[in-house]
Amino acid sequence: MSVFCGVDWAEGHHDVALVDGEGRLVAKRRINETPEGFAEFTAMLAEAGDCAEQPIPVAIETPRGLLVAALRAAGRAVYPINPLAVARYRERTSMSGKKSDHHDAMALANILRTDAHLHRQLPDDTDLARSISVLARAHQDAVWRRTKLVQELRARLREYHPGFLAAFGPGSGAGSGMSTTQLASNDARAVLALAPSPAEAQRASTERVETALRRGGRQRNIPARAAAIVAALRVPQLRHDRLVEHALRVEALALLDVLNAVCQSIEQLAAAVTEAFRQHPDYTIITSFPGLADISGAIVLAEVGDDRARFADDRALQAFAGSAPVTRASGKSRSVVRRRTKNNRLAAVGFSWAFTAAARPSPAREHYLRRRERGDGHPAALRHLFNRMLGQLHHCLQTGQTYDPVKAFPHRPTHVEPLAA
């Protein structure tokens, strides 16, 4: 008798349901996420016929957590099912809209019973790859958090202290435009701590700004940079009422404190993920690709994993990353559009990967330019380049080869028209 297990995960407890090959309920139980609860779970599986030769597969809505780690350590087949898929399955089997944890656990078990071939097992990645995944995702989250904080801080400074933004704007040596990313630099954060309001900016001397820049870590061109900043800060501007300006100053300093903490965490996570990534056997292959360095390469490994059987071919990986387009055909209507359901983390690093690879003269840049000549916009051309290199990465990982630009982008001979007689 075939038995399938579904686990409805929750923070305080987990509901477990076992169904047989006909969909009949075999057993159900509510367990806690403790060693005692897991012992109850394994005993429940054993009573239903679980054995080492034919372990009962488990469906659960999350791919992470202590329960998943325990199931993985036991060598059991675990199927992480998207909660949206569970919701659609529930709608298919119940018209009343009723919902309970027990019925969700049964729905998960029945999904395995009927459609296990349509879902992927949890990949069998190594412990090192999983640790890199934790660190790389934490670093990526911290970078996104920094971007959000910088945007908030810029919006607040623009409201009462535009002179500070001008000091790090065009022609200031900090980049072009009042880009939000400049506020995350060491120079900007150090000077903002010194002059968080227009009144303090007017009183800031060149010597104090130089000291702030050194405290922030700058080592070159300090006098010239400090003089330019002071000149920009002393440009007259409109002012708020004194009490309102003070309140905005307090808010800006509070945001700055959070931003400093996030920037420090990014540095710590970057060092940790780099150290772990360099120990992985795939490090040399991944970083041989143009546009992939320690951090970006670690993020790619974190999402792709090192289980070679995870993706059947390069097309499966490209669909997972969202770089492969989707064809929609119905009757006489047919359209090819970009894929919206994808791994957002891999897609995000893929855009920067392709952008960096296409920035310098190389076969990758030539491919990007050919796509632009064919009518692709900038994002579409980068997505096509990412799709191409992702397929090459899959091949290199499967065969153990490093990136070869000649093989990756073979020379295309120019077609020569025959001369007229």
List the atom pairs, donor and acceptor, that lie under 3.5 Å between side-chain atoms in residues 128-137 and the rest of the protein, sequence neighbours left out.
{"from": "Arg130", "atom 1": "NH1", "to": "Asp125", "atom 2": "O", "distance (Å)": "2.7"}
{"from": "Arg130", "atom 1": "NH2", "to": "Asp127", "atom 2": "OD1", "distance (Å)": "2.4"}
{"from": "Ser131", "atom 1": "OG", "to": "Leu128", "atom 2": "O", "distance (Å)": "2.6"}
{"from": "Arg137", "atom 1": "NE", "to": "Glu303", "atom 2": "OE2", "distance (Å)": "3.0"}
{"from": "Arg137", "atom 1": "NH2", "to": "Glu303", "atom 2": "OE1", "distance (Å)": "3.0"}

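With sequence neighbours excluded, the residues that form a ring pair (Phe, Tyr, Trp, His ring centres under 6.0 Å) with His384 are His367. Tyr79 is linked by a ring pair (Phe, Tyr, Trp, His ring centres under 6.0 Å) to nothing, counting only residues two or more places apart in sequence or in another chain.
Residue pairs that meet the salt bridge (charged side-chain N to carboxylate O under 4.0 Å, His left out) test with at least one member in residues 7-19, sequence neighbours left out, are Asp15-Arg30. For residues 246-278, the ring-ring contact (aromatic ring centres under 6.0 Å, His included) pairs, not counting sequence neighbours, are Phe277-Tyr283. Counting only residues at least two apart or in different chains, ring-ring contact (aromatic ring centres under 6.0 Å, His included) contacts with residues 113-149 are absent.
Phe351 and Phe386 have their aromatic ring centers separated by at least 6.0 angstrom. Ring-centre distance between His14 and Phe41: not below the 6.0 Å cut-off.
A cation-pi geometry, defined here as NZ or CZ lying under 6.0 Å from the six-membered ring centre and within 45° of its normal, does not hold between Arg315 and Phe320.
The pair Arg76-Asp50 meets the salt-bridge criterion, since a charged nitrogen lies less than 4.0 angstrom from a carboxylate oxygen.
Within the model, atoms CG of Leu149 and CG of Leu259 stand 6.0 Å from one another, a figure rounded to the nearest 0.5 Å.
Other residues, nucleotides and ligands contribute only 12 or fewer heavy atoms inside 6.0 Å of the CG atom of Leu238.
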